[in-house]
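Quick notes on the structure that follows.
Side-chain atoms are counted along with the backbone in the values below, which use heavy atoms only and exclude waters and symmetry mates.
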Amino acid sequence: MARFDGKVGVITGAASGIGRAIAEQFAREGGHAVIADLDLDTAQATAREIGALGPEAFAVAMDVSDEARVQAGIDAVGAKFGRIDVLVSNAGIQIVHPVHEFPFAEWKRLLAIHLDGAFLTTRACLKYMYAQKSGAIVYIGSVHSKEASRLKSPYVTAKHGLIGLCKVVAKEGAEFGVRANVVCPGYVRTPLVNKQIPEQSKALGITEDAVIRTVMLRDTVDGEFTTVEDVAAAVLHFAGFPTNALTGQSLVVSHGWFMQ
């Protein structure tokens with residue numbers, strides 16, 4: 001019997017990158033992966049491909065910063081499957097500026113996607129998880145949930161905030177059989193990170209190669225990027241853990257960049 005046989009897992013931002021890798025591995029282990037992403041056509045195409053790896057996958061269009069669209073998307077999942085067992089709050093963006101030059105609109109946009117999105121999807125899924133007396137929520141944090149880097153004030157603020165939200169959900173959810181955790185990746189070579197390389201090169205006045213070597217991977221033990229497979233393995237470890245022993249905890253996956 002596979003670890004997630006018959007389980008339903010909602011993964012936000014699942015049409016690419018880390019989210020897609022999590023959805024693929026969830027499907028390989030027997031679960032119904034729900035691809036929640038901004039564009040419905042893209043989400044549906046991804047769901048068809050992931051559905052070939054295991055049980056039926058499902059797609060919903062979702063802007064995680066929009067309360068009505070989040071609720072509609074989660075209710076569509078509930079209507080389709082009758083339950084929600086796992087939420088992986090993964091959708092995110094990155095914007096870089098020095099604090100003294102950070103446009104307030106961009107600050108608010110990033111916090112809305114990372115923090116409001118985590119809250120709104122959590123609240124919507126808890127209705128189903130509490131009713132069935134079981135569930136697991138995994139937030140995709142970052143090494144920046146633990147420490148700071150230059151140019152990323154709202155991102156660092158948001159990723160620190162996910163740790164706090166996780167702890168509250170773990171405390172409140174325990175009596176309903178719901179666990180909550182945070183996975184904190186280092187730099188993963190996704191489109192989000194690739195976009196940052198020229199941006200940081202310009203902001204810091206160094207070459208793109210120097211950004212990779214002296215900013216992104218400087219403190220790793222092996223000079224390697226974290227992979228999407230590394231992150232997916234950690235997420236599904238938390239999602240599939242059988243007891244409350246690990247609830248409320250965070251795990252850094254960073255090739256030794258940050259060590260607790």
Side-chain angles (χ1 to χ4, degrees), residues 2-39 42-62 64 70 73-74 77 81 84-94 113-114 117-118 121-122 124-125 129 135-143 145 159 162 166 169 178-193 225-241 246 249-255:
R3 183 164 46 162
F4 296 106
D5 273 354
K7 302 294 186 182
V8 177
V10 176
I11 303 101
T12 66
S16 64
I18 291 172
R20 178 167 182 141
I22 294 165
E24 288 177 352
Q25 190 56 36
F26 188 75
R28 289 190 183 99
E29 297 196 38
H32 296 283
V34 176
I35 312 304
D37 217 286
L38 276 172
D39 181 73
T42 302
Q44 288 175 332
T46 304
R48 286 192 293 271
E49 293 168 2
I50 290 176
L53 303 174
E56 179 187 9
F58 186 57
V60 292
M62 188 181 294
V64 297
V70 168
I74 295 303
V77 177
F81 295 106
I84 297 174
D85 300 285
V86 176
L87 166 66
V88 182
S89 177
N90 166 73
I93 62 170
Q94 180 62 280
I113 292 170
H114 286 267
T121 53
T122 295
C125 287
M129 293 179 177
I137 297 174
V138 184
Y139 302 100
I140 302 300
S142 167
V143 170
S145 297
K159 294 303 188 181
L162 290 177
C166 166
V169 174
V178 175
R179 296 169 283 105
N181 293 97
V182 185
V183 170
C184 302
Y187 282 104
V188 181
R189 201 70 186 264
T190 62
L192 186 70
V193 166
F225 281 99
T226 302
T227 68
V228 293
E229 292 79 14
D230 293 333
V231 180
V235 168
L236 296 187
H237 175 67
F238 276 140
F241 202 79
L246 298 181
Q249 304 302 312
S250 57
L251 178 65
V252 177
V253 184
S254 69
H255 285 243

Practice task
Quick one: pull up CD1 in Ile35 and CE in Met62 and give me the separation to the nearest 0.5 Å.
Solution key: 11.5 Å
Practice task
Go through the steps for Lys7 and Phe26 under the test side-chain contact (heavy atoms from CB on, under 4.5 Å), then give the verdict.
Solution key: CA-CA 9 Å; Lys7 302 294 186 182; Phe26 188 75; 4.0 Å; yes
Practice task
Rounded to the nearest 0.5 Å, what's the gap from CD1 on Ile137 to OG1 on Thr122? Could you check?
Solution key: 4.5 Å
Handout entry: Closest heavy-atom pair and its distance - Leu38, Ala61
Key = O-CB, 4.0 Å
Exercise for the section: Please report the C-alpha distance between Thr121 and Val10 in whole Å, then the side-chain angles of each, then the deciding distance to 0.1 Å, and finally whether the side-chain contact (heavy atoms from CB on, under 4.5 Å) criterion is met. Expected result: CA-CA 9 Å; Thr121 53; Val10 176; over 6 Å; no
Exercise for the section: Could you pull out the closest heavy-atom pair between Val60 and Val77, with the gap in Å? Expected result: CG1-CG2, 4.1 Å
Handout entry: Reported CZ-to-NE2 distance for the pair Phe225 and His255, which is rounded to 0.5 angstrom
Key = 10.5 Å
Problem - Side chains of Asn181 and Leu251 in contact at under 4.5 Å (non-hydrogen atoms) - result: no
Exercise for the section: First locate atom CD1 of Ile11, then atom CD1 of Ile50, and finally report the distance between them rounded to the nearest 0.5 Å. Expected result: 7.5 Å
Handout entry: Partners meeting side-chain hydrogen bond (donor to acceptor under 3.5 Å, both in side chains) with Gln249 (sequence neighbours left out)
Key = none
Practice task
Return each pair, listed once, that meets side-chain hydrogen bond (donor to acceptor under 3.5 Å, both in side chains) where at least one residue sits in residues 16-25; pairs must be two or more places apart or across chains.
Solution key: Arg20-Glu24, Arg20-Glu49, Gln25-Glu29
Exercise for the section: Carefully, step by step, assess Gln94 and Val193 under the rule side-chain contact (heavy atoms from CB on, under 4.5 Å). Expected result: CA-CA 8 Å; Gln94 180 62 280; Val193 166; over 6 Å; no
Exercise for the section: Grab the two heavy atoms, one from Val182 and one from Cys166, that are nearest each other, plus how far apart they are. Expected result: CG2-CB, 3.5 Å
Exercise for the section: Taking all non-hydrogen atoms of both residues into account, name the closest pair between Pro55 and Gly31 and its distance. Expected result: CD-O, 3.6 Å
Problem - Side chain proximity check, Thr42 to Asp37, heavy atoms < 4.5 angstrom - result: no
Handout entry: Heavy-atom closest pair, residues Ala57 and Ala47
Key = CB-O, 3.4 Å
Problem - Candidates Asp230, Val86, Val138 - the one meeting side chain to side chain contact (heavy atoms under 4.5 Å, CB included) with Val235 - result: Val138
Fill in the blank from the handout: Applying side chain to side chain contact (heavy atoms under 4.5 Å, CB included) to Ala118 and not counting sequence neighbours gives Ser89, Tyr139, Leu162, Leu165
Fill in the blank from the handout: CD1 of Ile140 to CD1 of Ile18, rounded to nearest 0.5 Å, is 6.5 Å
Exercise for the section: Name the orientation class of the two ring planes belonging to Phe58 and Phe81 (parallel below 30°, tilted from 30 to 60°, perpendicular beyond 60°). Expected result: perpendicular
Practice task
Work out which heavy atom in Lys159 is nearest to a heavy atom in Ser145; give both atom names and the distance.
Solution key: O-OG, 2.9 Å
